[in-house]
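These numbers come from the heavy atoms of this one structure, side chains and all, not from hydrogens, waters or symmetry mates.
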Amino acid sequence: LNKFDYTKLDSKRQGVHEGVIFLTYASLVSTNQRSKSRLQQLVQWMAAKGHDGEGCVCFDEAHKAKNLAPTPSAVIAANIRSGKEAKDKSSKTAKCVRELQDLLPSARVVYC
């Protein structure tokens, strides 16, 4: 995926209509100067043409996507009362992996 620009993968210019996409976790969290992300690009491609993103996503070396730390609602409420922002301790990679699953609910996800 790193060799493509940030346009739609299934456009005439890119020409990727089906197949397998390989990308690193670093690529998954990357954005270009116009704030377009590889995550958005991948989701758009998987959900194209009415497929509803029902493909398979396989995360190799899944330990790199760890450290998703949901903030408990009690902490959020306490921070709101005190005027503080809740600190999100999740890694950027973990948040992208979670967002990918949220945006493609029909996809089968494998961690290995």
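A heavy-atom distance below 4.5 Å is found between the side chains of V109 and F59.
In this structure, OG1 on T31 lies 12.0 Å from CD on Q41, to the nearest 0.5 angstrom. With rounding to the nearest 0.5 angstrom, the CG atom of L104 is 11.5 Å from the SG atom of C56. With rounding to the nearest 0.5 Å, the separation of OG1 in T93 from NE2 in H63 is 11.0 Å. Within the model, atoms CZ of R38 and OG1 of T24 stand 9.5 Å from one another, a figure rounded to the nearest 0.5 Å.
Looking at K95, E99, Q44 one by one, the single match for side chain to side chain contact (heavy atoms under 4.5 Å, CB included) with L39 turns out to be E99.
Looking only at atom types and distance, the side chain of Q101 has no donor-acceptor partner in the side chain of R98 under 3.5 Å away. In the model, S30 has no side-chain atom that pairs as donor or acceptor with a side-chain atom of S27 under 3.5 Å.
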Given the rule in the side chain to side chain contact (heavy atoms under 4.5 Å, CB included) test, do V97 and Y111 qualify, once you have shown the distances and angles that lead to the verdict?
CA-CA 11 Å; V97 167; Y111 291 94; 3.4 Å; yes
Kindly indicate, with the supporting measurements, whether the criterion side chain to side chain contact (heavy atoms under 4.5 Å, CB included) is fulfilled by D60 and Y25.
CA-CA 9 Å; D60 190 21; Y25 287 104; 5.7 Å; no
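A pairwise comparison of heavy atoms in A65 and A94 identifies O-CB, 3.3 Å as the closest pair.
The backbone N or O of K66 lies less than 3.5 Å from a partner atom in the side chain of S91, making a donor-acceptor pair.
Using a 4.5 Å cut-off between side-chain heavy atoms of Ile, Leu, Val, Met, Phe, Trp and Tyr, with links allowed through other members, M46 and V29 fall into different hydrophobic clusters.
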